[in-house]
Amino acid sequence: QVQLVESGGGLVQAGDSLRLSCAGSGRSFNSYFMGWFRQAPGLEREFVAAVSWNGVSTYYADSVKGRFIISRDNDKNMVYLQMNNLKLEDTAVYYCGGSRDPFSSVAAVTSWGQGIQVTVSS
């Protein structure tokens with residue numbers, strides 16, 4: 001497995017942009033299908049975006065399509081989530097996660113970061 005650490009969270013205003021970063025360690029990073037997930041207070045952790053091993057294919061939850069962009073740089077063992085036009089409902093703890101196989105559910109993710117808070121205010 002890989003170790004994952006998120007960074008870049010914080011407090012922003014609605015309509016602003018923010019970029020989250022996830023740093024992976026180990027030689028297996030480019031073997032992992034990577035994604036971003038989020039969990040708001042009282043809610044289950046949900047899928048936000050995912051990117052394939054080579055960064056070519058991306059997938060997004062309907063709630064963030066057109067606003068968020070996921071990307072990865074395997075040379076740097078990094079995955080990013082560019083969040084644009086943030087909304088109040090985007091407020092959550094965001095987690096970087098990955099699996100050697102594409103995940104069909106949150107439960108299928110095998111490696112997790114510690115999570116990072118993103119708070120969107122009005």
Side-chain angles (χ1 to χ4, degrees):
Q1 64 181 35
V2 297
Q3 304 299 315
L4 305 172
V5 180
E6 303 96 335
S7 62
L11 174 64
V12 298
Q13 291 184 310
D16 284 355
S17 296
L18 196 65
R19 189 177 79 158
L20 302 183
S21 298
C22 175
S25 62
R27 290 180 272 101
S28 300
F29 182 79
N30 60 6
S31 296
Y32 277 69
F33 195 91
M34 299 297 300
W36 287 94
F37 305 79
R38 66 187 182 187
Q39 187 167 16
L43 276 62
E44 296 294 319
R45 191 171 301 184
E46 65 177 2
F47 167 77
V48 174
V51 59
S52 62
W53 305 270
N54 58 6
V56 172
S57 300
T58 57
Y59 311 85
Y60 299 94
D62 288 340
S63 59
V64 305
K65 284 182 179 178
R67 297 191 298 121
F68 291 9
I69 302 172
I70 188 171
S71 62
R72 69 190 298 164
D73 185 342
N74 289 340
D75 290 334
K76 298 180 179 179
N77 278 10
M78 297 289 291
V79 60
Y80 307 97
L81 184 67
Q82 178 65 46
M83 303 183 291
N84 300 314
N85 191 25
L86 283 160
K87 302 177 179 181
L88 293 177
E89 54 264 41
D90 293 321
T91 295
V93 175
Y94 283 71
Y95 297 87
C96 177
S99 176
R100 289 186 179 273
D101 296 313
F103 29 80
S104 57
S105 66
V106 173
V109 176
T110 58
S111 297
W112 290 103
Q114 81 285 357
I116 189 166
Q117 180 71 44
V118 173
T119 301
V120 184
S121 68
S122 60

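In this structure, I116 CD1 and C96 SG are separated by 11.0 Å, a value rounded to the nearest 0.5 Å. Interatomic distance, M78 CE to C22 SG, rounded to the nearest 0.5 Å: 7.5 Å. The structure places CG of L81 at 8.0 Å from OH of Y60, a figure rounded to the nearest 0.5 Å. Atom CG of residue N30 and atom CG of residue N77 lie 7.5 Å apart, to the nearest 0.5 angstrom. The line from CD1 of I69 to CE of M83 is 12.0 Å long, rounded to the nearest 0.5 Å.
Between Y94 and F68, the two ring planes are tilted [angle within 30° to 60°]. Below 30°, between 30° and 60°, or above 60°: for Y59 and F33 the angle between ring planes is between 30° and 60°, a tilted geometry.
Not a single donor-acceptor pair under 3.5 Å links the side chain of T119 to the backbone N or O of T91. Judged purely by atom type and a 3.5 angstrom limit, Q39 has no side-chain atom pairing as donor or acceptor with the backbone of A92.
If you check the side chains of S52 and N54, you find a donor sitting under 3.5 Å from an acceptor.
Annotation: side chain of Q114 is in contact with side chain of V5 (closest heavy-atom distance under 4.5 Å). Contact check for S21 versus K76: no side-chain heavy atoms found under the 4.5 Å cut-off. At a threshold of 4.5 Å between non-hydrogen side-chain atoms, the residues R100 and S28 count as touching.
Contact between Y32 and S111 at its shortest, heavy atoms only, is CE2-OG, 3.6 Å. Closest of all the heavy-atom pairs between G35 and I70 is CA-CD1, 4.1 Å. Heavy atoms only, all atoms of each residue included: R45 and Y95 are closest at NH2-CZ, 3.3 Å.
Using a cutoff of 4.0 Å between basic side-chain nitrogens and carboxylate oxygens, K65 and D62 are scored as salt-bridged.
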